[in-house]
There are 2 protein chains.
Amino acid sequence: MPVDLTPSQALGLWHAVTLQQVQGDGRDLTLRQLAILLEIYLVPPPHTVRGLAAKLGVTKPVITRALDTMGELGLVTRVRDERDRRNVIIKRTVDGALYLERLGDLIIAKGRAQPL
Amino acid sequence: MPVDLTPSQALGLWHAVTLQQVQGDGRDLTLRQLAILLEIYLVPPPHTVRGLAAKLGVTKPVITRALDTMGELGLVTRVRDERDRRNVIIKRTVDGALYLERLGDLIIAKGRAQPL
DNA sequence: CGCGAACGATACGGTAGCGTAACGAAATCG
DNA sequence: CGATTTCGTTACGCTACCGTATCGTTCGCG
């Protein structure tokens, strides 16, 4: 079941959500960081630095740095892969799930408020 | 007519759109910049630095800097208010309208692709 | 083994945004 | 008028992210 939007609804929804995000508190993620976070939580594991970099079309340091930042925020964790110790497996956290749950709620709430 | 979304659809939509934005080209706006741009194009004029700062809950330099950046990208223009020359009126541009039109199209396309 | 490839992290210089504070120009008010 | 307020901008020091290049570790393969 697709989500059918008019142009006005689509931009209005984006407007409402970004506005709320900005007004909330400064703790905002970069577009890239958010994309990484969503990828980790919405796509089945396992997730690796290399895999994320390929999926997003960015370089590996971008992923490493984003994981550093989001790790400090508790949104994500890294675990060494014991089967191939060169790899690092990116794990989800409770706080990360909560963060995205709140984002989802925000989107839904603003979607409900869309006119037309 | 509201936009009714399930949590899965809401986050899936965000995922698809941010992913595309990141993959596209580096020309990505900050969350704040995007919020400002949407505010300018979706809310009836006139728009001033002070008004935008109040609406978004940020300081004036944030608006000035964002307008500098987006001005260089051609997404927005500034014109001195002749009735009160202290004010600056922020004007829309063709390129800015085009930019948001493409964003709207992207959202709609990804919305249509949402499962459930 | 030893050598090259793969993986993630780090170093480095550069750029852009931030918050606070101060500034110049213009309007308002006594 | 002159003093004060309002508006947008600029200055300053700081932090965070970027891209490129390189590093250390670990695996795979001859």
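Values below: all heavy atoms of this structure, side chains included; hydrogens, waters and symmetry mates excluded. The sequence lines fix the lettering, A, B, ..., with proteins before strands; numbering per chain opens at 1.
- In the hydrophobic clustering of ILVMFWY residues, with side-chain heavy atoms under 4.5 Å counting as a link, V49(A) and L73(A) come out together.
- Atom CG in L31(A) sits roughly 10 Å away from atom P in dC18(D) (whole-Å rounding).
- Of the two residues near DNA chain D, K60(A) and N87(B), the one whose nearest nucleotide lies more 5' is N87(B).
- Taking atom CZ on R85(B) and atom P on dA26(C), their separation rounds to 6 Å, with Å as the unit.
- Taken residue by residue, residues 64-82 of chain A places heavy atoms nearer than 4.0 Å to DNA chain D at R65(A), T69(A).
- Counting non-hydrogen atoms of neighbouring residues, nucleotides and ligands closer than 6.0 angstrom, the CZ atom of R50(B) reaches no more than 12 such neighbours.
- Projected onto DNA chain D by closest heavy-atom contact, D84(A) and G51(B) fall at different nucleotides, the more 5' of which corresponds to G51(B).
- Put simply, CD1 on I63(B) is 15 Å from P on dT20(C), counting in whole angstrom units.
- The distance between atom CZ of R32(B) and atom P of dG17(C), rounded to the nearest whole Å, is 11 Å.
- Checked against dC18(D), dG17(C), dA6(C), the side chain of V62(A) finds its nearest nucleotide in dC18(D).
- Within the structure, a side-chain polar atom (N or O) of Q33(B) is placed less than 4.0 Å from OP1 or OP2 of dG17(C).
- Hydrophobic clustering (ILVMFWY, side-chain heavy atoms < 4.5 Å, transitive): V88(B) and L67(B) are in distinct clusters.
- Taking a cutoff of 4.0 Å between a charged side-chain nitrogen and a carboxylate oxygen, R78(B) and D68(B) qualify as a salt bridge.
- Rounded to an integer number of Å, the gap from CD1 of I36(A) to C1' of dG8(C) is 14 Å.
- Following rounding to the nearest Å, L52(B) (CG) and dC7(D) (P) show an atom-to-atom distance of 13 Å.
- When rounded to the nearest whole Å, the span between NZ of K91(A) and P of dG8(C) equals 14 Å.
- Under the 4.5 Å side-chain heavy-atom criterion for Ile, Leu, Val, Met, Phe, Trp and Tyr, L13(B) and L31(A) are members of the same hydrophobic cluster.
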Could you walk me through whether I89(A) and R80(A) satisfy the side chain to side chain contact (heavy atoms under 4.5 Å, CB included) test, starting with their C-alpha distance in whole Å, then the side-chain angles of each, then the deciding distance to 0.1 Å, before giving a yes or no? CA-CA 6 Å; I89(A) 308 292; R80(A) 195 112 235 157; over 6 Å; no

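- Here the options are T69(A), I90(A), I63(A), the test is side-chain contact (heavy atoms from CB on, under 4.5 Å), and the partner is I36(A); only I63(A) passes.
- Rounded to whole Å, atom P of dA27(C) lies 17 Å from atom CZ of R50(B).
- Considering only side-chain atoms of T59(B), the nucleotide from dG19(C), dT20(D), dG8(D) that sits closest is dG19(C).
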